2 protein chains.
Amino acid sequence: MHAQVIDTLKKNQLSITDSRKTILQLFMESDGALAHMDIENNTGEEFDRVTIYRTLQTFVEKGIIHTIPSADNAIRYALCKDACSEGHHHDNHIHFMCDNCSTTYCLDHVVVPSLQLPVGFRPSRTDMVVSGCCNRCSK
Amino acid sequence: MHAQVIDTLKKNQLSITDSRKTILQLFMESDGALAHMDIENNTGEEFDRVTIYRTLQTFVEKGIIHTIPSADNAIRYALCKDACSEGHHHDNHIHFMCDNCSTTYCLDHVVVPSLQLPVGFRPSRTDMVVSGCCNRCSK
DNA sequence: CGTTTTTTGCAACTATGTTGCAATGTGGTA
DNA sequence: TACCACATTGCAACATAGTTGCAAAAAACG
Ligand SMILES: [Mn+2]
Ligand SMILES: [Mn+2]
Ligand SMILES: [Zn+2]
Ligand SMILES: [Zn+2]
């Protein structure tokens with residue numbers, strides 16, 4: 001068990017519970033993003049579905065993980081690496097979903113380009129998701 | 001009834017049915033994107049849920065409409081304005097979802113910027129969705 | 001028309017996500 | 001360490017999203 005798990009929970013003033021420890025650990029061990037189902041599969045019968053949903057919600061609110069939208073109706077989640085805090089995310093990197101292995105990557109070094117929007121449109125958040133063939137699958 | 005409705009269906013070699021006519025008409029009259037539920041609400045009990053899903057699927061395959069991903073688990077659809085064809089979409093514009101009125105706009109004149117991806121990542125499609133306050137709501 | 005082919009409606013099912021409430025667990029304090 | 005207040009969990013029930021198989025109905029086509 002990563003010491004960082006407990007650390008992160010404490011830093012965010014969250015009580016230390018089994019589900020939070022296990023789920024946060026899962027994120028830290030995984031290089032891709034995780035959907036609810038991935039977590040359920042990896043924790044077995046250990047936690048109720050509702051608990052997983054609520055844990056994810058809490059982590060998002062605290063700025064520990066961020067969401068990645070998709071066109072397949074399964075929201076994915078990944079660890080925030082920037083200085084995200086309660087109610088304020090700064091994950092302005094792009095995401096890549098592999099059509100082949102369906103791994104979802106945070107491309108932390110590829111920044112979302114800024115845009116010139118038509119008059120009257122005031123942006124608050126930009127999601128950029130590229131799909132295609134990932135580096136492992138294109139070998 | 002727009003003559004263009006029948007026209008578009010014929011051009012795509014689709015048989016002319018009530019559901020296709022009604023749903024395509026709906027898209028032509030609407031300026032924003034539509035989710036499945038919007039269509040169900042606007043057509044009453046006229047069509048079965050499954051028929052609506054299948055009609056949307058057919059329209060996407062034919063290049064008549066395109067999907068817009070979101071983080072709220074409701075895929076939205078909008079008319080393709082570029083020269084999209086069967087199995088080949090060219091809608092490289094960005095989308096804007098209003099946090100206030102939740103209208104989803106195709107910003108046809110705002111082109112998705114190109115990106116430098118890490119080595120090995122081969123893109124096939126890019127979705128860029130900006131959320132914030134739309135021009136009508138920011139007045 | 002009548003025949004062939006496509007589309008539709010229905011039933012049943014899976015996946016995703018939310019809410020209320022009682023039971024349990026955690027953190028802080030005596 | 002034992003107790004208490006409060007936060008978190010599990011369960012049941014519900015809501016929305018989407019899929020599949022199959023028989024009935026409707027289009028297309030001659
Ligand atoms: Mn990310
Ligand atoms: Mn569009
Ligand atoms: Zn891959
Ligand atoms: Zn608006």
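Remember, it's a predicted structure, so these values are computed and weren't measured experimentally. Lettering of chains follows the sequences in order, A, B, ..., and the numbering in each one begins at 1.
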Query raised in the report: Which residue pairs pass the side-chain hydrogen bond (donor to acceptor under 3.5 Å, both in side chains) test with at least one member in residues 117-136 of chain A, sequence neighbours excluded?
Result: A/D31-A/R136, A/T67-A/R125, A/Y105-A/R136, A/S124-B/D99, A/R125-A/D127
**Report entry** D/dG10 phosphate, OP1 or OP2, under 4.0 Å from A/T51 side-chain N/O
**Finding:** yes
Report task. Assign each of A/H36 and B/T55 to its nearest nucleotide of DNA chain C by heavy atoms, then name whichever residue's nucleotide is nearer the 5' end. Result -> B/T55
Query - the helix from C/dC1-D/dG30 to C/dA30-D/dT1: angle between end helix axes, five pairs per end, rounded to 10 degrees - result: 30°
Report task. Answer yes or no: are there more than 12 heavy-atom neighbours, outside A/Q13 itself, under 6.0 Å from its atom CD? Result -> no
**Report entry** With sequence neighbours excluded, residues passing side-chain contact (heavy atoms from CB on, under 4.5 Å) with A/T55
**Finding:** A/S19, A/R20, A/I23, A/T51, A/F59
Query - Proximity to the side chain of A/F47 - top-ranked nucleotide from D/dG10, C/dT18, C/dA11 - result: D/dG10
Query raised in the report: Do A/H66 and A/Y77 have ring centroids that are under 6.0 Å from one another?
Result: no
Query raised in the report: Do side-chain atoms of B/N73 reach the backbone of A/N73 as a donor and acceptor pair under 3.5 angstrom?
Result: yes
**Report entry** Pairwise 5' ranking along DNA chain C for B/E46 and A/Y53, keeping only the more 5' one
**Finding:** B/E46
Report task. Between D/dT9, C/dT8, D/dA7, spot the one nearest the side chain of B/S19, thanks. Result -> C/dT8
Query raised in the report: Would you find a donor on one side and an acceptor on the other, under 3.5 Å apart, between the side chain of A/N41 and the backbone of A/D38?
Result: no
Query raised in the report: Considering only side-chain heavy atoms of A/R49, which listed nucleotide, C/dT16, C/dT8, C/dG9, is closest?
Result: C/dT16
Report task. Among the candidates C/dT8, C/dT19, D/dA17, find the nucleotide nearest to the side-chain atoms of A/R54. Result -> C/dT19
